[in-house]
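Quantities reported herein were computed from a predicted structural model and do not represent experimental measurements. First listed ligand is number 1; within each ligand, the first listed atom is number 1.
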Amino acid sequence: MPQKFQNFINGQWVDAKSGKTSANRNPANWDDIVGLFPKSGKEDIDEAVKAARATYEKWRLMPAPARGDILRKIGDLLVKNKEDIAHEMTREMGKVLDETRGDVQEGIDTAYYAATEGRRLFGHTVPSELPNKFAMAIRVPIGVAGIITPWNFPMAIPTWGIFPAILSGNTVVFKPASDTPKTATTLVQIMMEAGIPEGVVNLVHGAGGEVGNAIVTHPDVDMILFTGSSEIGKQISRDASATLKRVSLELGGKNAQIVMDDADLELALDGVLWGAFGTTGQRCTATSRLILHENVYEKFMEMLVERTKRLKLGDGLHPTIDVGPCINEAQRRIVQSYVEIGKNEGAQLVCGGAIANQGDLAKGWFYEPTIFGNVKPTMRIAQEEIFGPVLSVIRTTSFEEAIGILNGTIYGLSSSLYTRDVNRAFAAIRDIQAGITYINVPTIGAEAHLPFGGVKQTGNGHREGGWAVYDFFTEWKSVYIDYSGRLQRAQIDNY
Ligand code: NAP
């Protein structure tokens, strides 16, 4: 009988009020049930928000360095449990062990960063325009934060939201993706073990359309940090507007790597393989377009196809495996449908292009690493996020044209340029429309202490990560203290 898990509300593990559960399965072997998780609804969210609101009044008064001390303990516990969590995460969502270890490490980095931020949370002191008057701006917490996360980074992304939220003095209602409830449960267990008081973090499992929507529309939730698809992000933006919540959206991407004819081709090859097929292409920062200079096109394509054919598909728990499964049946169907679209658009299928279901792969959602050549920049496979192991290769004749192609989508998350020309590198940094630009590095590999996010329809201008996320989770309060003993009117008495 599979293990049954619960929601965590006001310090108690509880069933959904509906009493219903749904099974979460291993995407590399659908006979393997990871657990049964609550199918919650609006009434469970009401309870969680009530707890978070009541606790906020105490939690906001705890000194930030003391909150930071708890974050440090969370980091320590994540270090201690890193290997177990990585195994559990690979079983739950399929990416290979090295990558799930990296996912936990990102949570550890975020915890330690937050711990030290407790001793910063800098404000500003500025001179007043009047004598005997003091002026400063300080950060204050906001209230209850709804954190809604995707499945592709089941530890890292929740920590990017929850840790800065609570360090800043807010309380949290957390809804993880339906495909990764187990890793979310482990994260909450670790936070409790580290000493987070009851009610500060509340976990509610369930479907996005129901549980997620109940958080977004709840009048007593002050802000939403959402990481997921652009389609749902736009819907959340509309749904949250009725209560004028603060909303941070980190959404999809159609990231490109440019390889110029002066690049180190071996280095660029390692980069594109990792960027396109790491996490089975299921990263918001995945390299889904390769923009290749015509002078090296044939040679590089030959190298790329040869290496791609050697990638080993399978269960990510085995150390020899390079690429795991798609997350679920629906996602594999989307990948398959884009491959058909690419063929119908006239792109040249040079590698892969089929479901992989032979032998050990029979019970998983595997898809062959796939490459299309001679892709035109306007084709759908060059414009739309596929979120799977599919790379579209576009030929270019010049650096300027390559930058134009890279910028020619509605998205603007990550970008990469391989060149040995320092002048071009700096021109690219200036001209590329993206939140992240890598030079001689693939499009994936963000570090936890730098701002993370995108421009155009990848988001709405906020940033996760580093110091920037604290701007989202705090409000500025300006404070004036007049010690002159008389009424001094700004702009009037001094001019
Ligand atoms: P998704 O379908 O948009 O779901 C994200 C989260 O939103 C899940 O927890 C989902 O719940 C929930 N949700 C669904 N409908 C909702 C609604 N109407 N109201 C509120 N919440 C709702 O995305 P995904 O498939 O999990 O993840 C893949 C996408 O995330 C890709 O587009 C990828 O590019 C993007 N992503 C972006 C970043 C970034 O930082 N820019 C990082 C990682 C991933 P259920 O799971 O129950 O449906």
Side-chain angles (χ1 to χ4, degrees), residues 22 24 27 37-42 45 92-93 95 103 106 146-161 173-181 183-184 203-218 221 224-240 245 247-255 279-288 326-328 330-332 334-335 384-388 409-414 434-436 443-444 446 448 450-465 468-469:
S22 63
N24 182 32
F37 291 85
K39 274 176 115 167
S40 314
K42 186 179 174 314
I45 289 298
E92 181 170 47
M93 55 73 70
K95 65 186 175 187
D103 196 321
E106 209 161 324
I147 310 279
I148 303 176
T149 55
W151 48 264
N152 63 340
F153 279 83
M155 177 61 72
I157 292 180
T159 68
W160 293 357
V173 176
F174 169 33
K175 189 223 119 33
S178 295
D179 283 304
T180 49
T183 309
L203 166 70
V204 184
H205 298 287
E210 211 168 326
V211 173
N213 180 263
I215 298 174
V216 171
T217 53
H218 201 295
V221 172
I224 300 290
L225 185 114
F226 172 80
T227 312
S229 61
S230 292
E231 185 196 345
I232 303 292
K234 286 175 189 171
Q235 192 180 324
I236 285 178
S237 188
R238 286 191 293 272
D239 293 344
K245 286 181 187 21
V247 179
S248 168
L249 301 171
E250 291 300 343
L251 310 174
K254 191 70 189 171
N255 317 290
T279 321
T280 320
Q282 301 172 117
R283 288 198 187 206
C284 52
T285 51
T287 308
S288 56
C326 297
I327 185 69
N328 54 35
Q331 192 59 41
R332 186 169 74 172
I334 290 172
V335 171
E384 298 173 20
E385 186 181 49
I386 300 173
F387 224 58
T409 76
I410 59 167
Y411 298 109
L413 182 52
S414 187
I436 307 167
T443 59
I444 65 179
L450 274 80
F452 183 92
V455 302
K456 301 198 280 188
Q457 292 191 29
T458 289
N460 63 346
H462 294 288
R463 289 291 181 269
E464 297 178 350
V469 70

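- Ring-plane geometry between F387 and W151 is classed as perpendicular, the angle between the planes exceeding 60 degrees on a 0 to 90 degree scale with a lower cut at 30.
- Residues H205 and S178 are not in side-chain contact: their nearest non-hydrogen atoms beyond the backbone lie 4.5 Å or more apart.
- Contact shell of ligand 1 (protein heavy atoms, cutoff 4.0 Å): I148, T149, P150, W151, N152, I157, K175, P176, A177, S178, G206, A207, G208, G209, G212, N213, F226, T227, G228, S229, I232, Q235, I236, E250, L251, G252, C284, E385, F387, L413, F452.
- Applying the side chain to side chain contact (heavy atoms under 4.5 Å, CB included) test to S288 and every residue at least two apart in sequence or in another chain returns K254.
- The closest side-chain heavy-atom distance from I215 to I224 is below 4.5 Å.
- Checking Q457 against K234 by side-chain atom types alone, a donor-acceptor pair falls below 3.5 Å.
- Checked by atom type and distance alone, the side chain of S414 pairs as donor or acceptor with a backbone atom of T443 at under 3.5 Å.
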